[in-house]
Amino acid sequence: MESSRTFSRRRRPLIVGNWKMNGLIESAVDMGEALRQGFDERNTSCEVVVCPPFTALHALHQQLGESSVKLGAQNVFCEEFGPYTGEICGIMLRNVGCRYVILGHSERRTLFGENHSLIVRKTMSSFRDGLQPIVCIGESLEQREKGETLVVLQEQLLPVLKALADQRERWVQLVVAYEPVWAIGTGKVASTDQIQEVHYYLRGLLKEHFDEDASQRVRILYGGSVKPDNAAAIFALPDVDGGLIGSASLQSKEFLAIIDALPAVD
Ligand code: PGA
């Protein structure tokens, strides 16, 4: 579907691939090569980030080289080195080429018990360590059916906004990803009306807690069963600035087709 919308220059469109716990080094490198070629040939002005498992970061960093495809991690711990068995800090992620980090994904909130305060600490430590945080928020099906969506999203996002309140240089770098939990990995995508309603609401929240300029500069991504056949309609929505893509980011053809679905930048 051809979109008539053009992106505002103030928000560069962003597509992030979340590979989750998939891929060994060899397949990650093959995928990196396909994306490097595909993306660099396209010469689009959007930003593309891939977030492989930790074990593939170094190899992918070498593989991507000078490519404009950027690297991100799927999680980070908030301390800076020390006795934290099993954890990885932001400086280590920078050391293997990461520029972004996904925080508060619903799988981390539900399977690993991450709460709002830990996500705030991780957001602040990511900024400290030179990583741009992509903070995920989203309601469950039960919460949506009870009409609690906006309240739940506010509860998830406000602690982050409050922690950043007096740090203007940081808040404009924040990326928010709205991912309805019931749409993640299920093939059930939220309707364009549902997505636009939430994104508009989130932008209003940014305006209330930062200011008009910030609300126009912070990128808000949609995630949850984005595929090549529904991406153009989602990206055409005025308050959607790109996508956080799970399963469709594991195939280079599908991921590149999603990049192609972005409207032009004006
Ligand atoms: P999905 O995952 O695209 O497979 O629904 C999105 C995500 O979990 O970030």
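Every value quoted in this text rests on a predicted model; they were computed, and no experiment measured them. Remember, it's 1-based here, ligands and their atoms both numbered in the order they're listed.
- When each atom of ligand 1 is checked for a heavy atom of A183 under 4.0 Å away, the hits are 5 (O).
- Taking only nitrogen or oxygen atoms, main chain and side chain alike, S225 reaches within less than 3.5 Å of ligand 1.
- Proximity to L244 (heavy-atom distance under 4.0 Å) selects the following atoms of ligand 1: 9 (O).
- At least one heavy atom of G185 sits closer than 4.0 Å to an atom of ligand 1.
- L164 and V172 fall within a single hydrophobic cluster, where Ile, Leu, Val, Met, Phe, Trp and Tyr are joined by side-chain heavy atoms under 4.5 Å apart, directly or via other members.
- The shortest contact between atom 9 (O) of ligand 1 and any protein heavy atom is with E179 OE2, 2.7 Å.
- Under a 4.0 angstrom heavy-atom cut-off, A248 registers as lying outside contact with ligand 1.
- Judged by the 6.0 Å and 45° rule, R42 forms no cation-pi pair with F39.
- Of all atoms in ligand 1, listed by their number and element, those nearer than 4.0 Å to a heavy atom of G224 are 5 (O).
- S247 N, 2.9 Å is the protein heavy atom nearest to atom 4 (O) of ligand 1.
- Side-chain atoms of K20 and S247 include no donor-acceptor pair closer than 3.5 Å.
- A side-chain donor from one of E33 and Q37 sits under 3.5 Å from a side-chain acceptor of the other.
- Applying the 4.0 Å criterion to heavy atoms of N18 picks out, from ligand 1, the atoms 9 (O).
- For G246, a nitrogen or oxygen atom sits less than 3.5 Å from a nitrogen or oxygen atom of ligand 1, counting backbone and side chain alike.
- Between the side chains of S68 and D40, a donor-acceptor pair is found at a separation under 3.5 Å.
- At least one heavy atom of H105 sits under 4.0 Å from some atom of ligand 1.
- In terms of polar-atom proximity, T186 is not counted as a contact of ligand 1, lacking any N or O under 3.5 Å from an N or O of the ligand.
- Put simply, the residue from K146, R109, R144 that forms a salt bridge (charged side-chain N to carboxylate O under 4.0 Å, His left out) with E139 is R144.
- Side-chain atoms of W19 and Q74 form no donor-acceptor pair, as typed in the model, at a separation below 3.5 Å.
- In this pair, H199 and Y222 present their aromatic rings tilted. The plane angle is within the 30 to 60° band.
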